[in-house]
Amino acid sequence: MTDSGEHPLAAERAESYCAACGRSFADTLDVCPEDGARLVRLAARVDPMIGRVLDERFEVRARLGRGGMGTVYRAWQRSVDREVAIKVIDARLADDRVAAKRFLREARLASRLSQPSIVNVHDFGQTPDGVLYLVMEMLRGRTLAQLTEADGPLSVRRALAIGVQLCDALEAAHAQGIIHRDLKPQNILVLDDPPGRDLVKVLDFGLAKSLAGDTTAVTQSDGFVGTPLYLAPEVIQGQPAQPASDLYSLGCILHEQLGGAPPFWGSTANMVLARHLSETASALPPLVPAPVRDLVAALLAKDPAERPASAAEVRATLLAVVQSREALDHAPARAPRHAALAETLATPTRTGVDTRVPATPARAEVEPSTPAAPRGAARTWRIAAAVAVVAVGASLAVWLASRED
């Protein structure tokens with residue numbers, strides 16, 4: 001099979017859609033079995049990547065999902081007979097020099113990382129027609145976000161054990177001068193095998209940044225990158241990301257796992273960012289051991305200098321608690337959350353703030369359990385307005401930089 005050859009898996013299956021109930025059925029049906037409405041047949045869509053053989057070695061077999069930079073496929077590496085995952089840069093960005101440079105930087109940095117809790121990058125390259133791709137190990141499991149959404153909050157013991165592995169991954173990356181910049185539950189995969197072990201892999205170092213002093217245009221035009229629920233204050237303010245920024249994101253994840261909800265969230269992304277800058281996170285419940293409560297509070301310090309010095313220091317504290325004889329098998333109550341809002345706020349943001357607002361649920365579902373005093377609320381809105389102004393300026397700067405490039 002050649003790069004340009006047809007392939008039986010190159011088309012997604014056709015489907016029959018019901019406009020009345022919004023459900024999809026097999027394309028063999030003409031009438032909706034739920035309400036009797038006439039179904040509309042949607043033709044199969046063709047993905048030109050499926051069936052291609054990249055670099056005469058990697059046969060692309062199926063699409064797994066989409067990310068911020070492109071699409072991930074399941075593929076077969078012919079040279080060694082193994083299944084791999086291939087990330088292909090989005091076709092819309094193929095002619096964008098800045099995006100191409102960012103993708104190649106991702107590949108180069110990620111290939112330097114070799115640690116059990118980080119996804120392995122086997123290879124990267126470019127096809128003769130300009131398609132950029134990254135070859136990674138194939139993993140099977142659920143993201144931490146999917147796991148907690150399906151099974152509820154983890155026990156304190158499980159949450160801390162996962163936290164230890166995240167520290168291992170961050171320590172290895174920081175030692176190589178690499179920052180993740182977008183650490184979040186959606187980028188943490190809990191493996192299916194071995195079952196019951198909660199082994200994790202940190203995904204998507206595509207937003208990583210070298211500390212080696214890269215001064216190219218690709219760095220200068222990046223804007224800030226990250227997800228509002230887990231973004232460090234200094235990054236929101238336009239300062240360079242640093243290892244302490246990853247530790248802040250880790251603190252947000254631990255707070256969410258141990259307390260049932262992220263430390264800062266609200267009805268818009270701007271409000272979340274403003275609270276990262278101005279408010280203090282609520283205390284974790286008393287069922288969480290005191291050393292861990294103190295550690296999470298330190299990780300969420302507004303000033304990076306006041307956070308723990310390294311991921312190794314955080315791991316030492318977590319390990320000491322995990323190895324203690326305290327009862328850690330209880331789980332926190334899940335705070336009420338609105339799925340559409342959570343999805344909106346979990347969307348990565350570049351060059352500004354994502355101000356999309358989902359369909360508004362009941363106010364109690366989108367606001368923190370303890371409303372701010374009127375004066376504090378006014379201050380939050382003033383900071384939100386300032387964040388919005390910065391976002392507009394950053395967007396204009398990125399647009400001009402891309403035009404110049």
Side-chain angles (χ1 to χ4, degrees), residues 115-118 141-175 180 183-185 187-202 230 232 243-264 280-335 369:
Q115 202 278 334
S117 296
I118 299 176
R142 292 183 290 176
T143 67
L144 183 58
Q146 293 170 333
L147 180 67
T148 54
E149 185 64 29
D151 301 343
L154 306 180
S155 69
V156 174
R157 188 182 304 278
R158 292 181 69 188
L160 297 187
I162 289 175
V164 169
Q165 297 176 74
L166 297 180
C167 289
D168 291 336
L170 291 179
E171 183 182 13
H174 294 169
H180 191 288
L183 189 66
K184 58 185 177 183
N187 279 336
I188 300 167
L189 190 71
V190 183
L191 303 182
D192 291 338
D193 188 38
R197 291 281 300 277
D198 285 339
L199 297 183
V200 305
K201 289 275 190 177
V202 179
Y230 312 96
S245 306
D246 281 345
L247 296 183
Y248 184 91
S249 300
L250 175 60
C252 293
I253 294 171
L254 289 174
H255 190 286
E256 182 174 8
Q257 296 302 313
L258 298 170
F264 306 106
T280 301
S282 60
L284 291 172
L287 56 83
V288 178
V292 177
R293 296 200 304 269
D294 294 340
L295 174 64
V296 173
L299 288 169
L300 295 177
K302 307 300 182 188
D303 185 352
E306 296 179 1
R307 298 171 201 157
S310 66
E313 181 179 322
V314 177
R315 181 186 59 221
T317 301
L318 296 178
L319 273 176
V321 176
V322 170
Q323 295 169 356
S324 69
R325 296 185 177 181
E326 287 194 60
L328 302 175
D329 295 326
H330 40 253
R334 190 205 305 264
S369 56

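Residue numbers run from 1 in the order of the sequence given.
Atom CG of residue L295 and atom CG of residue L258 lie 9.5 Å apart, to the nearest 0.5 angstrom. Distance CG/L199 to CG/D193: 8.5 Å, rounded to 0.5 Å. Atom CG of L183 is separated from atom OG of S245 by 11.5 Å, given to the nearest 0.5 angstrom. To the nearest 0.5 Å, atom CG of residue L318 and atom CD1 of residue I162 are 12.0 Å apart.
For S249, the side-chain hydrogen bond (donor to acceptor under 3.5 Å, both in side chains) test picks out no residue, with sequence neighbours left out.
A donor-acceptor pair under 3.5 Å links the side-chain atoms of R293 to the main chain of V288, judged by distance alone. A donor-acceptor pair is defined here as one N or O able to donate and one able to accept, closer than 3.5 Å; no such pair exists between the side chain of K201 and the backbone of I188. In this structure a side-chain-to-backbone donor-acceptor pair under 3.5 Å is missing from R142 to L147. A donor-acceptor distance shorter than 3.5 angstrom exists from the side chain of Q165 to the backbone of V200, with no hydrogens or angles considered. The backbone N or O of A244 sits nowhere less than 3.5 Å from a side-chain atom of H174 that would complete a donor-acceptor pair. For the pair R307 (side chain) and K302 (backbone), a donor-acceptor distance under 3.5 Å is present.
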Checking E256 against T148 for the side chain to side chain contact (heavy atoms under 4.5 Å, CB included) test, could you report, in this order, the C-alpha distance in whole Å, the side-chain angles of both residues, the deciding distance, and whether it holds? CA-CA 10 Å; E256 182 174 8; T148 54; 5.9 Å; no
L300 vs C252, side chain to side chain contact (heavy atoms under 4.5 Å, CB included): CA-CA, chis, key distance, verdict: CA-CA 7 Å; L300 295 177; C252 293; 3.7 Å; yes
Are T317 and V292 close enough, and set up right, to give a side chain to side chain contact (heavy atoms under 4.5 Å, CB included), and what steps lead you there? CA-CA 7 Å; T317 301; V292 177; 5.7 Å; no
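Across every non-hydrogen atom of D246 and H180, the tightest pair is OD2-N, 2.9 Å. Annotation for A311 and L170: closest pair CB-CB, 4.0 Å, computed over non-hydrogen atoms. Annotation for L189 and G141: closest pair CD1-C, 3.7 Å, computed over non-hydrogen atoms. Between A159 and L254, the shortest heavy-atom contact is O-CD2, 4.2 Å. When all heavy atoms of V296 and G251 are compared, the pair lying nearest together is CG1-O, 3.8 Å. The two residues V322 and A161 make their nearest non-hydrogen contact at CG2-N, 4.4 Å.
Residues D168 and P116 have side chains not in contact (no heavy-atom distance under 4.5 Å, counting atoms from C-beta outward). Looking at heavy atoms from C-beta onward, P185 lies in side-chain contact with I253 at the 4.5 angstrom threshold. S310 is not listed as a side-chain neighbour of R315, based on a closest heavy-atom distance of 4.5 Å or more. Between L166 and V314 there is no side-chain heavy-atom pair separated by less than 4.5 Å.
In this structure, D151 does not pair ionically with R158, as no charged nitrogen and carboxylate oxygen lie closer than 4.0 Å.
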